[in-house]
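In listed order, ligands and their atoms are each counted from 1.
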Amino acid sequence: CRNSDNHCFRPSEKCGVLNMTKITEHGKKVRKNWTSSWTVLQGSTLLFTKGQTGGSSWFGGQSKPELTVDLRGAAVDWAPKDRSSKKHVVELKTRQGTELLIQSDHEALVQDWLQALQESISTHAWE
Ligand code: I3S
């Protein structure tokens, strides 16, 4: 997984473009705001940067992550149908009381992300 500066991420890292919205923040429901985000999984951290597809834009420091999610103690699975009218939606619930939906029209891509997130959560469960 490389950005456009050809910076090479470690194999344990995953990145790509996903649609994302928060649905709950600190346990409180918030209004959905779907955005296309450059998404990076690094260890137990998931980063979202708005509308960037890589390159100096996010890595060069111009554009800080819009949202950083600590995956330790989080739960992730396919979202129940009532969460969204969109297809291929994954729901992520953090220990801090933030709930996110992540989505793509490409089912296999979402499937890969779900698997990567589940692996990260189980790997870092006891930290
Ligand atoms: O679950 P909801 O509230 O029906 O979600 C939809 C709305 O948030 C809508 O925006 P406003 O009601 O704020 O105008 C969004 O545009 C939709 O995308 C949301 O639904 P989906 O089913 O796409 O998650």
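Hydrophobic clustering, defined by side-chain heavy atoms of Ile, Leu, Val, Met, Phe, Trp and Tyr closer than 4.5 Å, groups Ile23 together with Trp34, Val89, Leu101.
The two residues Ile121 and Ala74 have their closest heavy-atom pair at CG2-O, 3.2 Å.
Around the NZ atom of Lys87, the shell of radius 6.0 Å holds no more than 12 heavy atoms that belong to other residues, nucleotides or ligands.
A salt bridge links Arg83 with Glu91: the distance from a Lys NZ or Arg NE/NH1/NH2 to an Asp or Glu carboxylate oxygen falls below 4.0 Å. The existence of a salt bridge linking Lys28 and Glu25 is excluded, since no basic side-chain nitrogen approaches an acidic carboxylate oxygen closer than 4.0 Å.
Around ligand 1 you find Arg31, Lys32, Trp34, Ser84, Ser85, Lys86, each with a heavy-atom distance below 4.0 Å.
For the pair Met20/Gln103, no side-chain contact is recorded, criterion being any heavy-atom separation below 4.5 Å from C-beta on.
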